[in-house]
Structures are given as C-alpha cells and as structure tokens.
Amino acid sequence: MLPSNREIRVGLVGAGHVAAAHLRAWRRAAGARVEAVFDADRGRAEEVARRWRLPRVHADLESLLEDADVVDVCTPPHTHAAIAARAIRAGRHLLIEKPVVVRAAEWTELAGLLEGGRSKLAVVHNIKFARCVARAKRWIEEGRIGRVLRVVRYFLTSPRDDRMLTGDRHWSHDLPGGRWFETLPHDLYLIHHFVGPLPVAAVSALRTGTVPGISADEVIVTFGDDRCLAAVHYSANCLLNHRSLEIFGTHGAILVDLLADAATLTRRRDGRGARALGGVFLDSGATLLRWLPDRVGYLAARLRRHSPHARAVEAFTRYLRGEGPSPTPLDEIDFVVRNSETIGREIDRRAREATN
C-alpha cells in the first residue's frame, strides 16, 4: 500500500496511440505524476516526453522500473506478459491496457506472481467507468428493470471509421480472432459487470473477403446459463459505426449508446393506448425529457476531461492507497482473459471453415 502523503511516481511504457489517453488521465489523478517514459522507438518516446513535459526518457525497461512506483503499460497486447512479469518481480504496481495478456497460460503465470507479493494490478477496463454504464448499473441495482434476462452488445464498424481495419498491417490482425480480440475484452468485462460470469455457448463467424487482413468480418458470440443470456455482434461492414448495449429485464429495458455516452430506461407497459400512440414515440418523448440534463452533464465531463480513462486511473490510485477496492477484481480479469483466448481461436476456426 502506498502512503497517502507521498506522490505516486508513474513510468509509462509505450508511447503509441493510446498513451495520450493515459497521460491525460494521470494529470487528473491527485497525488500522482508521470515521471518517465520508455518505448522501443526512442524517437517516439522523446516526442511524447517533449509534448507532455515528462522529466525523463529511459533507454530500457530496467532503468524505468527503478524510477517508478507504478508501471503504466500502453504497448501492444503480445508484449504485455513479459513487461508485466518483470514489473511484478521488481515489486512495482501495474496499470495495463486491455487485454492484460493474450493467452490464458500467461495470465496464470502473472496471477501466481501476484499472490503474496507487493504488487497490485489493474487493467484498463475503462468503459465500466463511462457515465452511461454507471447509470445503467445503478438502475439495475435499484431494481428498475427487474431481473436481468438478456444483455446484447453491438459493435458495428467499417474501415472508414476504424483505424485497425485500414489496411492489413495493424498488430491486431496477428491476435487470435484478429481485430475483434482487441475489443472483445470490453464486451466480456461488461457482461461480467452486469450479470457476472456467463459461459460461452456458441461462436459464429464469416469471412466475406470485403475487408483485407481481417480474420472474420461478421461475428456473433452467445453466452448463457440458467440465469441469463448474452450476445455480442461484430461487423466490419457497417457504415453506421454503431456501439450500443441493450439490457433487458423482467420489468423494463435499458439502451446504452456507448459513443454518445447516453443511457435510456424503458418501463412502459403494453396496452391499446400505447399501441395507438406508438410505443417507440412514447419512449422517444420520455427520452427527450431527460435529454437536456444528460447532455449538460456529458459536456461538463468533456470540458473537465473527466473521461472513463481518468475515472479508471482515479479508482486505481485510491486502490493503491487502500482507500477503495480494485477497479478490476482478479475474477473479472480471469473471466476476460480465458474467454478472450477461447473465443478468438474459435473465430479463426469458424472463419477458416466458412472460407473452405
């Protein structure tokens, strides 16, 4: 546990695309400061250090470990296991981008290193900290939609809007399940967040050939047990660029628009009057009444740069100081890692079958 009266020294590993979101988040975290950066590309690390006014650029991981209480890992997933193991053995705390590792065996090794050690670990499961997700979670805990029956996630995109689908050289294409392995952890921890662990029931995947380099461009994954069902839908062919989460219960439903950071609640009961007026229009009217205060809150959070990444980092710093729980409990991480590998490999297998 870190004392509350001492500043947390953070060392950033990886100066790529996602590093900026982490640096903005750390700037909001009281009592923490990013002291140093290391990247295999020294020039890129120096550029990030200049832009963000970081005191030091390290030539290797070992020297950065000596200079930090917390190691923040922003490198591609296939590098995470080795970096994390070295940080834990050095007794450093870890904040690490999702997925924490690519293979379940790597996670088993890391979990073993964490047992009885000094290091605390959190994974950036940042969508859990979005305003819309927090609101949906609160509505469920208040019993507003009754018992949750089904969770459905849509991730519909295209090369026009998705940098990982532009060309066939992005590192995500080398992961199990390709590009979907990069976003799959989000969907798994959201399922776990709302309804707990659900076993995988089936994986369907198609490779139509319209998107170069991708393992499968249309994917559906289903989950379920005797409590609840869930489904995740991926498409690389949809110009809508749609990200949503639908949660259905015995007494209502919640629709979460993840791009707009907005959540709406439906508890309207069916009846002749509702059908005559048009249920969808009644729901739209109720949504409009909540629109102004919701958007004011959204804009205020944007202006303050209080992003989901920032909230995740704040929760992590409280955890390090013994002032709050882990933002990503180990059972949540375990559920994500083991199912990500299983689903990713099944996507590849199904896509090959569909192609042959």
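- Under a 3.5 Å cut-off, the side chain of Glu106 and the backbone N or O of Val102 do form a donor-acceptor pair.
- Counting only N and O atoms by type, the side chains of His58 and Asp67 include a donor and acceptor under 3.5 Å apart.
- A distance of 8.0 Å separates CG in Asp174 from NE2 in His78, rounded to the nearest 0.5 Å.
- With a 4.5 Å cut-off on side-chain heavy atoms, Leu165 and Ile214 count as touching.
- Considering only heavy atoms from C-beta on, Ile220 stays 4.5 Å or farther from Val232 through its side chain.
- A donor-acceptor pair under 3.5 Å is absent between the side-chain atoms of His93 and the main chain of Ile88, judged by distance alone.
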Step-by-step side chain to side chain contact (heavy atoms under 4.5 Å, CB included) determination, Asp334 to Trp107: CA-CA 8 Å; Asp334 189 83; Trp107 168 241; 3.1 Å; yes

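- A single hydrophobic cluster is seen to contain both Val200 and Leu190, as judged by linkage of ILVMFWY side chains at heavy-atom distances under 4.5 Å, directly or through other members.
- Nearest heavy-atom pair, Arg92 versus Leu65, reported as atom, atom and distance to 0.1 Å: NE-O, 2.6 Å.
- Between His186 and Asn126, the shortest heavy-atom distance links the atoms CE1-OD1, 3.3 Å.
- Using bins of under 30°, 30° to 60° and over 60° for the plane-to-plane angle, the ring pair Phe335/His192 lands in the tilted bin.
- When the shell of 6.0 Å around CD of Glu115 is examined, it contains 12 or fewer heavy atoms from other residues, nucleotides or ligands.
- Residue Trp139 comes nearest to Thr264 through the heavy atom pair CZ3-C, 3.7 Å, listed as atom of the first residue, atom of the second, then distance.
- Checked by atom type and distance alone, the side chain of Asp60 pairs as donor or acceptor with a backbone atom of Ser63 at under 3.5 Å.
- Here the side chains of Leu258 and Phe155 are not in contact, with every heavy-atom distance at 4.5 Å or above.
- Minimum interatomic distance between Ala205 and Ala351 (heavy atoms only, all atoms of both residues): CB-N, 4.2 Å.
- Atom CD of Glu97 and atom OG1 of Thr79 lie 11.0 Å apart (nearest 0.5 Å).
- With hydrogens and angles ignored, the 3.5 Å screen pairs no side-chain donor or acceptor of Asp162 with any backbone N or O of Thr157.
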Test log, rule side chain to side chain contact (heavy atoms under 4.5 Å, CB included), inputs Trp52 and Val34: CA-CA 9 Å; Trp52 292 89; Val34 179; over 6 Å; no

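- Ion pairing between a basic and an acidic side chain is recognised when a charged N comes within 4.0 Å of a carboxylate O; Arg179 and Glu182 show such pairing.
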Before giving the answer on salt bridge (charged side-chain N to carboxylate O under 4.0 Å, His left out), spell out for Arg89 and Glu109 the whole-Å C-alpha distance, their side-chain angles and the decisive distance to 0.1 Å. CA-CA 12 Å; Arg89 289 189 176 104; Glu109 180 183 353; 3.6 Å; yes

Carefully, step by step, assess Glu47 and Arg44 under the rule salt bridge (charged side-chain N to carboxylate O under 4.0 Å, His left out). CA-CA 5 Å; Glu47 174 60 26; Arg44 186 162 58 182; over 6 Å; no

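- The cationic atom of Lys98 (NZ for Lys, CZ for Arg) does not lie both less than 6.0 Å from the six-membered ring centre of Tyr189 and within 45° of the ring axis.
- For the pair Leu114 and Ser119, the tightest heavy-atom approach, listed with the atom from each and the gap, is CD2-O, 3.7 Å.
- The CZ atom of Arg86 lies 7.5 Å from the CD1 atom of Ile83; values are rounded to the nearest 0.5 Å.
- Side chain of Arg147 to backbone of Gly249: no donor-acceptor contact under 3.5 angstrom is found.
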Starting from the C-alpha separation in whole Å, work towards a yes-or-no answer on side chain to side chain contact (heavy atoms under 4.5 Å, CB included) for Trp26 and Asp72. CA-CA 10 Å; Trp26 282 113; Asp72 184 353; 2.8 Å; yes

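- Between the side chains of Asp348 and Ser215, at least one donor-acceptor pair of N or O atoms lies under 3.5 Å.
- Under the 3.5 Å distance criterion, the side-chain polar atoms of Arg51 are left unmatched by any main-chain donor or acceptor of Glu46.
- Heavy atoms from other residues, nucleotides or ligands lying under 6.0 Å from CZ of Arg150 number 12 at most.
- Between His22 and His309, the ring center distance clears the sub-6.0 Å criterion.
- The nearest pair of heavy atoms linking Asp225 to Pro197 is OD2-O, 4.1 Å.
- In summary, the side chains of Asn339 and Thr342 do not present any donor paired with an acceptor at a separation below 3.5 Å, with no hydrogens or angles considered.
- Under the 3.5 Å distance criterion, with hydrogens and angles disregarded, a donor-acceptor pair is assigned to the side chains of His170 and Ser172.
- Annotation: the span from His193 atom NE2 to Leu245 atom CG amounts to 10.0 Å, rounded to 0.5 Å.
- For Arg103, the CZ atom counts as loosely surrounded, since its 6.0 Å shell holds 12 or fewer non-hydrogen atoms of other residues, nucleotides or ligands.
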Using the side chain to side chain donor-acceptor pair (under 3.5 Å) rule, take Thr108 and Arg338 through it: C-alpha gap first, then chi angles, then the decisive distance, then the call. CA-CA 10 Å; Thr108 299; Arg338 297 189 188 285; 3.0 Å; yes

Evaluate the criterion salt bridge (charged side-chain N to carboxylate O under 4.0 Å, His left out) for residue pair Arg349 and Glu346; output intermediate values, then yes/no. CA-CA 5 Å; Arg349 190 180 74 81; Glu346 187 64 9; 2.7 Å; yes

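- For the pair Arg321 and Glu323, the salt-bridge criterion is not met [side-chain N within less than 4.0 Å of a carboxylate O].
- Between the CZ atom in Arg163 and the NE2 atom in His17 there is a gap of 4.0 Å [rounded to 0.5 Å].
- Between Phe248 and Val151 there is no side-chain heavy-atom pair separated by less than 4.5 Å.
- Heavy atoms from other residues, nucleotides or ligands lying under 6.0 Å from CZ of Arg53 number 12 at most.
- Counted by atom type alone, Ser235 and His233 present zero donor-acceptor pairs between their side chains at under 3.5 Å.
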Between Asn241 and Ser158, is a side chain to side chain donor-acceptor pair (under 3.5 Å) present by the stated rule, with each step listed? CA-CA 7 Å; Asn241 197 35; Ser158 72; over 6 Å; no

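- Between the Asp217 side chain and the Val211 main chain, no donor and acceptor come within less than 3.5 Å of each other.
- One finds the CZ atom of Arg153 at 4.0 Å from the CG atom of Asp187 (value rounded to the nearest 0.5 Å).
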Show your reasoning for whether side chain to side chain donor-acceptor pair (under 3.5 Å) applies to Asp257 and Ser244. CA-CA 5 Å; Asp257 184 334; Ser244 70; over 6 Å; no

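- Results of the side-chain contact (heavy atoms from CB on, under 4.5 Å) test with Val100 over Ile333, Thr328, Val124, Val73 single out Ile333 as the only residue that passes.
- Counting only distance, with no hydrogens or angles, the side chain of Arg318 and the backbone of Pro325 share no donor-acceptor pair below 3.5 Å.
- With respect to Glu314 and Arg311, no salt bridge is recorded, no charged nitrogen being found less than 4.0 Å from a carboxylate O.
- For the side-chain contact (heavy atoms from CB on, under 4.5 Å) criterion with Phe316, the lone passing option out of Leu94, Val123, Ile8, Leu95 is Leu95.
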Could you walk me through whether Glu35 and Arg33 pass the salt bridge (charged side-chain N to carboxylate O under 4.0 Å, His left out) check? CA-CA 6 Å; Glu35 292 281 352; Arg33 173 179 168 82; 3.5 Å; yes

